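Source: prediction; values computed, not measured. For ligands, and for the atoms within them, numbers begin at 1 and follow the listed sequence.
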Amino acid sequence: MKKTFAILASLLISFSALADEGMWLPSLISQRIADMQAKGFKLGAEDIYSINQASLKDAVVLFGGGCTGELVSAEGLLFTNHHCGYSSIQKLSSVEHDYLRDGFWAMTRDQELPAEGLNVRFLERMEDVTSQVLDGYSLNMTESERSELVTRNSEAVKKAAVAEGKGLRASVEALYYGNQYFLFVYRQYDDVRLVGAPPSSIGKFGGDTDNWMWPRHTGDFSIFRIYAGKDNMPASYSEENVPYTPKKYFKVSLGGVKEGDFTFIYGFPGSTREYIMSEGVRYISEISDPAKIDLRTKRLDILKRYMDSSQKIRIQYSSKYASISNAWKKWQGEAKGIDKMNTVAEKQAFEKRFIQWAKGGRYEGLVERIGGLYERLVPYDFAREYYNETVRAVELINFASNWPDGNVDAFYKDYHMAADKECFVALMNAFKDNVPEQFQPEYFKNGLASYGSVEAWADEIYGKSVFADEKAVASLSKDASLDSDPAREFAKEFAKWYSETIVPVITVINSELDLAYRDYMRGQMEFQKDKTFYPDANLTLRVAYGHIAGYSPSDGVYYHPSSTVKGIMEKDNPDIFDYNIPQRLRDIYAEGGHEDQPVCFIATNHTSGGNSGSPVINENGDLIGLNFDRVWEGTMSDIVFDPEFCRNICLDVRYLVFVVREIGGAGHILDEVEFTN
Ligand code: ARG
Ligand code: ASP
C-alpha cells in the first residue's frame with residue numbers, strides 16, 4: 001500500500017507538456033505554482049490556498065449546491081451567474097414583480113430579498129485522509145467489505161471534523177477512483193439575499209439558441225449578499241442578521257483582457273471521466289448520447305409546438321425547456337467532439353500498449369477485464385438511462401409516483417396536460433421500440449398487449465388517473481389508497497422493475513468496475529511516468545489555469561476571444577425571443593460611444609458543469625470575469641480535452657459593471673467593491 005502512494009505522490013509532481021488541461025487540488029497547488037508563475041501568475045501557492053492565513057479560497061463558495069460564486073466586498077457581496085441564481089429569482093417573482101423579466105435591483109440594504117432554501121458553502125480546509133479511511137483494510141477484502149469499511153471510517157472522520165464549530169459540514173471524497181481520499185470541511189451559510197439581477201433579456205440573452213456557443217453575448221450574472229449572525233457565524237434567516245464579513249474578497253479589475261493574458265478559474269467542477277477505457281467512451285458517444293438526444297428531441301419538438309401556440313404555456317415551460325435543452329445540446333457537441341478527436345480509437349491504441357507493458361505484472365488482464373465488465377453493463381445501463389429519460393421524464397407519472405410529496409399548486413401551475421400526454425406517447429413508444437424486449441418490464445409488455453397500443457394506454461392514464469384532475473388531487477387525503485390509479489400503478493410497476501431487475505445488476509458490475517478502475521488508474525500512472533495526472537472532477541474545489549485565447553472552429557475561420565455590445569446590436573431582434581433586448585440598451589447604444597463595450601471572452605481553462613459562476617482571475621489575483629459556459633467544439637472536455645478547441649466562456653466583469661450602472665441605474669451596489677486597473 002505505502003509504496004503505491006509514494007509512487008502516486010511522486011507522479012503528481014512531474015510536469016507535463018499538456019497545454020492547459022487539468023483541474024488541480026488547491027491544497028496541492030504548490031506542485032503547479034512554478035508552472036503557473038512561468039505562465040504569468042504573480043502570486044504564490046499560499047495566496048491560493050492556506051489554512052494559516054486568509055487566501056483566495058476564502059473568497060470562493062459552492063453556490064446553491066451546484067454552481068460557484070465569489071465574494072467581492074468586505075460586506076458579503078457575492079457575484080454568480082444569472083442561470084445559477086435563476087431558480088431563486090424565479091421563486092421571488094410574481095405577476096406583479098416579475099424579476100426574471102424585468103430584473104431586480106435593491107436600492108437599499110432593506111430591499112435585499114431573502115432567497116429561501118439557498119445556501120453557500122466556504123471550504124474551511126481539505127486534507128488527505130487516505131490512511132484513516134483505509135484503516136483496517138486488508139488485501140483479501142471483497143470490494144463490498146472495503147466499501148463498508150470506507151463508509152464507516154469516513155463517517156468517523158466527518159463526525160470529528162464537524163464537531164469543531166458552527167455550520168460545519170464535511171464530506172470525504174474519493175480521488176483517482178479511491179486510490180486517495182480527501183476530507184473537505186465546509187462552513188455553510190443559509191441566509192443569502194438577492195441584491196441584483198439583470199432582466200433575462202440581458203442575463204439570458206441568446207437563450208438556448210446561443211447556449212454552448214461562441215461568439216456569445218450573454219450578461220450571465222446575478223448579485224447576492226451573505227448574511228450572518230452577529231458573531232459572523234452561520235445563522236438561519238433573521239432580520240437581526242448582519243452582512244457577512246469574509247476573510248478574503250476579490251478586487252475587481254477594470255483593466256481589461258487581451259489574447260494571451262493569464263487566466264485562473266477557482267471553482268467547483270462537477271464531474272469528469274478523463275481516464276475511462278475506450279469501451280466506456282464508445283458507450284457514451286455511440287450509444288448513450290445518441291439515444292438520449294433522440295428522446296429529448298422528441299420532447300423538445302412537442303413542447304416547442306405547444307409553447308409557440310400559447311403565451312401561457314411558454315411561461316409554464318420555459319425553465320423546463322431550458323434544462324431539457326441544455327444537456328440535449330451538450331450531448332450533441334460532446335458526441336461530435338469525441339468522434340472528431342477519434343478518442344475511441346486513440347484509447348484503443350493506448351490500451352494495446354498498456355496491455356503489452358502489463359504482461360507478467362499485476363496489471364495483466366486488467367484492460368480485458370474492464371472491457372468484459374462494460375459488455376455486461378451496457379444493456380443494463382442502457383435500460384437505466386432509457387428509464388430515466390422516458391418514464392421518469394413524464395411529468396404526470398413522476399408527480400403521481402412522488403405523491404404525497406411534491407407541491408400540488410406549484411406542479412399544476414406549470415403543467416399542461418395535453419403536452420405531457422403527447423410526450424408520454426412519444427417516449428413510451430420509443431421505449432417499446434428501442435429497449436430490447438428481454439429488458440422490458442413484464443408489466444409493460446402485458447399492458448401493451450391488453451391495451452393494444454401506447455396511445456390507448458395513455459388515454460386510460462390521462463383519462464382516469466386522479467392526478468389528471470387538479471381539483472381531485474387538491475382534495476385527496478394523504479393516506480388515500482391509490483393502488484389502482486393507472487398513473488400511480490404505471491410509476492410503481494416501472495420503479496419495481498427498475499429496482500428489482502436493473503439496479504441490483506448495475507450495482508454488482510459497478511462495484512467490480514470501481515475496483516478495476518482503481519487498479520487501472522494506478523496502472524496508467526505507473527505506465528505513463530512523464531504524464532501529470534489530475535483527479536477527475538467531483539464537485540470539489542479546483543484550480544484551472546490557462547490564458548485568453550481565440551480558436552479556429554473550422555478551416556478558414558478564426559474566432560477572436562472577446563465580444564462586445566456591437567455584437568448584441570447585430571443580433572438584436574424584437575421578434576425573436578432570445579434576441580430581444582431591453583429598450584434601454586438600444587437607447588444607450590444609440591447615444592454612441594459604447595460600440596467597444598466588452599461583453600464576454602473565452603480562455604483555455606479546463607472547466608465543467610458546476611464551474612458556472614466561478615471567478616476568472618488575472619495574474620494579480622483580481623477578478624476579470626465570471627465563468628459560465630464552454631464552446632460548442634469543446635463540449636467533450638469532460639471526457640477528453642483538446643487544447644485546440646476547448647474554451648471556457650466568461651462574462652467580462654466590465655459588462656457586469658456597465659449593466660449594473662447603465663441599465664440597472666444601481667451603481668450604488670458597487671460602491672463597496674474595490675476596483676483596480
Ligand atoms: N450551458 C451552460 C451550463 O451548462 C448554461 C446553461 C444555462 N442557459 C441555458 N440557455 N439553458 O450551465
Ligand atoms: N454552464 C455550466 C454550469 O452551469 C458550465 C459548463 O458546463 O461549462 O456549470
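A tilted orientation is assigned to the rings of H416 and Y306, their planes being inclined by 30° to 60°. Aromatic ring pairs are classed by plane angle as parallel below 30°, tilted from 30° to 60° and perpendicular above 60°; the pair F399 and F411 is parallel. Below 30°, between 30° and 60°, or above 60°: for H606 and Y534 the angle between ring planes is above 60°, a perpendicular geometry.
With respect to the salt-bridge test (charged N to carboxylate O, under 4.0 angstrom), the residues D261 and K258 qualify. Remark: K292 engages E385 in a salt bridge, criterion side-chain N to carboxylate O under 4.0 Å.
Taking 4.5 Å as the limit, some side-chain heavy atom of F658 sits within range of a side-chain heavy atom of L585. Considering only heavy atoms from C-beta on, N580 stays 4.5 Å or farther from S201 through its side chain.
Separation of the Y186 and F122 ring centroids does not fall under the 6.0 Å cut-off.
A heavy-atom cutoff of 4.0 Å around ligand 1 is satisfied by the protein residues H83, K204, G207, D208, N211, W212, A322, N326, F628, D629. Protein residues having at least one heavy atom under 4.0 Å from any atom of ligand 2 are H83, W212, S608, G609, G610, N611, S612, F628, D629, R630, listed by chain and number.
R216 contributes a side-chain N or O that, together with a main-chain N or O of M213, makes up a donor-acceptor pair within less than 3.5 Å.
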